[in-house]
Peer 1: 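This is the structure, below, for whatever I ask next.
The basis for the numbers below is simple: all heavy atoms, side chains too, and nothing from hydrogens, waters or symmetry mates. A note on names: the letters A, B, ... follow the listed sequences, proteins ahead of strands, and every chain is numbered from 1.
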Amino acid sequence: MAKSPIETFLCVAAMIMPAAAFWATDASAAECKRKTAGFYLEDTEANRPHKFSSALEKLPASLTGAPGDPEHGREVFISMEKGGCATCHQLSSLPRAMGQGSIGPALDGAGSRYNEEQLRQVLLQPRAYFPETIMPSYYRAEGGDVSVLSASEIEDLVAYLGTLK
Amino acid sequence: MKVQPAAAMFFAVIAASASGGVEAHAQPGGQPAEAAAPLQVAVPGEEFLPAAVRAKQQDDFDNPAFPFVQAGEAAWAKAEGEKGKACKDCHGAPPEQRVTSAVVSYPSYARDAKQILTLPARINFCRKHALRAPELAEGSDQMMAMTAYLRWAVRGRAPTADVSGPAEAVLEKGKELYFKKIGQLQYSCADCHNQNFGQKFGGETLSQGHAVAYPVFSLGQKRMISLDERFRMCNRLARAEPQAEGSPDYIALELYLNWRSKDLPVTAPGVRP
């Protein structure tokens with residue numbers, strides 16, 4: 001039998017009220033969801049860097065002033081001595097034998113979701129976007145042993161990631 | 001709007017179990033990760049193994065570490081050193097209860113040695129003073145055999161992890177090290193083994209990092225691995241300097257791991273990929 005609109009509304013409200021009450025006590029639903037999902041941010045539209053970048057410092061420009069080489073960037077991505085990115089990230093265009101990890105989000109299409117500056121910022125300051133991540137910073141201005149990658153390797157990697165459409 | 005307590009508790013339990021130790025997260029704003037309680041649920045490493053590897057461990061006839069257990073059993077009965085004595089002459093064969101209780105207590109403070117001893121350190125202490133036999137190197141076949149044998153002999157018992165007296169400071173040190181970020185990649189043990197167990201990392205599934213299966217046979221490296229050697233492998237993964245044999249940091253970490261694993265029983269000798 002048909003319910004009146006008031007009855008329908010009250011019924012739905014009664015069902016979602018406990019859940020809504022829980023989410024609503026936090027500053028925002030997104031903040032709450034982030035905490036309960038643990039450190040791993042879902043790669044959804046709501047969590048894309050462009051939502052965060054307005055709160056951050058100016059996005060870093062090219063470290064070398066020259067465009068990176070995506071082919072060398074692929075080697076940097078794969079090499080365990082360099083980026084070793086597949087340790088934590090899955091990328092289906094790489095051979096399966098590389099033992100791809102599930103700690104970070106899959107990088108298929110990363111070049112479509114993020115622009116060049118954002119990709120560079122994630123490599124330099126992962127915690128700017130994902131505060132509880134264990135992803136290291138891949139470049140430190142001090143260079144030497146402290147910096148995982150050199151400035152040119154970062155640019156090559158950014159160029160490679162940009163090709164992942 | 002008030003939170004409904006029941007709903008909040010329900011979500012909290014789900015969230016905690018889903019994130020696998022949510023209490024270990026570093027909060028933005030700098031609250032230290034270790035300020036929170038240890039792992040809520042201790043899950044044995046075997047749960048994270050591929051089925052074939054787990055099966056190998058559970059079948060003594062298939063376990064590649066078992067020849068080491070047998071070699072250790074033979075060495076236990078064999079006279080060695082200037083005194084011409086064997087371990088069994090003082091300790092019985094199979095090892096008496098005093099020995100097995102000691103094995104599950106290591107690392108622990110030894111009054112005679114006046115320091116915290118690990119099992120390999122105790123074996124060498126006995127060899128030096130009681131047998132007058134040369135000490136064994138940590139990774140040597142003989143040491144791996146003796147530790148495999150003695151740890152197999154206490155299989156099924158949980159480490160006792162006595163943290164009173166001098167051991168208390170060592171436990172605190174171990175806890176500090178466990179949550180400390182190290183190396184070029186700035187990983188802490190907790191980053192992987194509290195926050196990310198169950199996830200794939202470089203082709204393998206991360207465990208919670210318990211020590212109860214050690215020493216293990218590594219199928220990939222085709223050799224026995226001591227716990228200290230495993231620490232070195234992890235150091236290298238973080239691109240940090242591995243530490244030398246007998247490192248106090250490793251002793252502290254081992255004690256912390258035994259305390260952290262709570263009632264998990266020893267499953268040594270383990271098999272790992």
Side-chain angles (χ1 to χ4, degrees), chain A residues 14-26 31-41 80-90 95-106 126-140 142-149, chain B residues 1-31 33 36 48 50 179 181-206 220 236-241 273:
Chain A
M15 284 195 296
I16 67 167
M17 192 74 81
F22 178 71
W23 297 118
T25 52
D26 258 286
E31 174 69 13
C32 192
K33 189 169 155 75
R34 184 180 66 79
K35 281 183 181 165
T36 54
F39 85 101
Y40 173 64
L41 259 186
M80 287 306 295
E81 279 81 43
K82 299 284 179 196
C85 313
T87 308
C88 295
H89 293 281
Q90 195 186 343
R96 283 191 63 84
M98 298 220 174
Q100 299 169 29
S102 63
I103 298 193
R127 280 183 197 90
Y129 293 98
F130 310 108
E132 291 170 8
T133 186
I134 67 169
M135 175 171 167
S137 163
Y138 279 86
Y139 176 78
R140 305 268 265 280
E142 305 96 280
D145 279 347
V146 170
S147 191
V148 182
L149 299 175
Chain B
M1 205 189 261
K2 268 193 160 136
V3 176
Q4 304 244 351
M9 291 260 299
F10 175 75
F11 283 112
V13 167
I14 296 296
S17 55
S19 60
V22 65
E23 66 286 336
H25 291 176
Q27 302 298 320
Q31 181 195 344
F48 302 99
F179 289 94
K181 290 189 182 286
I182 60 167
Q184 192 190 61
L185 299 183
Q186 289 289 285
Y187 290 151
S188 72
C189 313
D191 284 346
C192 288
H193 295 292
N194 279 23
Q195 276 186 249
N196 282 293
F197 64 84
Q199 302 289 357
K200 281 211 157 311
F201 180 82
E204 284 168 24
T205 302
L206 286 172
R236 287 185 208 107
L237 279 172
R239 302 189 194 170
E241 282 299 331

Peer 1: Evaluate the side-chain proximity of B:Arg239 to A:Val148: yes if any heavy-atom separation is below 4.5 Å, no if none is.
Peer 2: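 A:Val148 reaches B:Arg239 side chain to side chain.
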
Peer 1: Which atoms of B:Tyr187 come close to chain A, meaning under 4.5 Å heavy atom to heavy atom: side chain ones, backbone ones, both, or neither?
Peer 2: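 Just its side chain gets close to chain A.
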
Peer 1: What distance do B:Lys200 atom NZ and A:Ile103 atom CD1 have between them, rounded to the nearest 0.5 Å?
Peer 2: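 One finds 11.0 Å between NZ of B:Lys200 and CD1 of A:Ile103.
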
Peer 1: Examine whether an atom of B:Leu237 lies under 4.5 Å from a heavy atom of chain A, and if so say whether it belongs to the side chain, the backbone or both; otherwise answer neither.
Peer 2: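 It is neither, since no heavy atom gets under 4.5 Å.
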
Peer 1: To the nearest 0.5 Å, tell me how far B:Gln184 CD sits from A:Ser147 OG.
Peer 2: 7.5 Å

Peer 1: For A:Met135, which atoms come within 4.5 Å of any heavy atom of chain B: side chain, backbone, both, or neither?
Peer 2: neither

Peer 1: Nearest 0.5 Å, what's the SG-CG distance between A:Cys88 and B:Leu185?
Peer 2: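 Here the interatomic distance stands at 9.0 Å.
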
